[in-house]
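Okay, structure first, notes after.
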Amino acid sequence: MTTILNKIGAMRLTPARFSGFWIALFTIVIALTSCSDDLDVQQSYPFTVEVMPYADKITAGQTVELRFEIKPEGNYANTLYTIRYFQYDGEGTLKLVDGPVLVNNDRVLLESKTFRLNYTAKSSDAHKFLVVIQDNFNSTPWEQTFEFNGKDSGDDDGGLVVGPIVTPVNPVIR
């Protein structure tokens with residue numbers, strides 16, 4: 001061990017050796033600190049939901065179809081969407097076409113980004129319910145209130161068609 005130290009001490013320090021030492025040390029430090037095993041993969045993307053136009057008048061026993069399309073800003077294959085609703089005015093049933101009848105405030109997994117709901121009125125009163133769509137990453141949920149008036153109540157405008165409704169609404173800049 002002492003012979004190695006003696007040889008190192010006997011070496012003449014030249015400018016080339018001095019700068020070579022610092023270049024080698026700098027390269028080792030950069031190589032060790034620049035590598036990271038953490039891969040930043042974005043999984044959660046904001047999304048909007050488009051709702052096709054629908055009639056806002058309904059009578060007891062009548063069914064209104066609501067068509068939806070989820071539009072995420074990015075694409076992650078493992079994103080799952082759920083739907084639930086809260087009915088706070090009127091009486092009726094909400095059913096996924098080719099799927100189950102939704103129970104008030106219960107989540108149901110959506111199998112596709114495009115889907116249809118059938119709302120069947122059980123009374124001629126006004127109907128109001130909130131539809132909530134969430135993804136499995138707990139990002140900000142999409143919400144929209146749907147309102148249907150009884151055809152017998154108020155002015156009869158022939159079943160006004162509302163929509164299309166796209167949220168969020170961005171201003172048009174000219």
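Everything numeric here is computed off the predicted structure, so don't read it as measured data.
Side-chain N/O atoms of T63 and T120 include a donor and acceptor closer than 3.5 Å.
Ring-plane geometry between F146 and F68 is classed as perpendicular, the angle between the planes exceeding 60 degrees on a 0 to 90 degree scale with a lower cut at 30.
Atom CD of E65 and atom NZ of K95 lie 11.5 Å apart (nearest 0.5 Å). Atom OG1 of T82 sits about 8.5 Å away from atom CG of N136, to the nearest 0.5 Å. Summarising the geometry, atom CG belonging to L80 is positioned 7.5 Å from atom CZ belonging to F137; distances are rounded to the nearest 0.5 Å. In this structure, the separation between OG1 on T79 and CG on D135 is 6.5 Å, given to the nearest 0.5 Å. Taking CG of L117 as the start and CZ of R67 as the end, the distance is 12.0 Å to the nearest 0.5 Å. Summarising the geometry, atom CD1 belonging to I133 is positioned 11.5 Å from atom CZ belonging to R84; distances are rounded to the nearest 0.5 Å.
Nearest heavy atom pair, residue A60 against residue S124, reads N-OG, 3.6 Å. Across all non-hydrogen atoms, the minimal contact from Q87 to N104 is N-OD1, 3.0 Å. Between Q62 and K57 the shortest heavy-atom distance is OE1-O, 4.1 Å.
Taking the side chain as every heavy atom from C-beta outward, V51 and Q144 approach each other to under 4.5 Å. For the pair I70 and L110, the minimum side-chain heavy-atom distance is below 4.5 Å. Taking 4.5 Å as the limit, some side-chain heavy atom of H127 sits within range of a side-chain heavy atom of I58.
For the side-chain contact (heavy atoms from CB on, under 4.5 Å) test with F115, the passing option among V97, I83, D98 is I83; the others fail. Screening F86, Y85, W142 for a side-chain contact (heavy atoms from CB on, under 4.5 Å) with V132, the sole residue that qualifies is F86.
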T93/K122 under side chain to side chain contact (heavy atoms under 4.5 Å, CB included): CA gap, chis, key distance, verdict: CA-CA 8 Å; T93 59; K122 291 185 177 178; 3.4 Å; yes
Begin with the C-alpha distance, continue with both residues' side-chain angles, and end with the deciding distance and a verdict on ring pair (Phe, Tyr, Trp, His ring centres under 6.0 Å) for F47 and Y81. CA-CA 11 Å; F47 65 94; Y81 296 95; 5.2 Å; yes
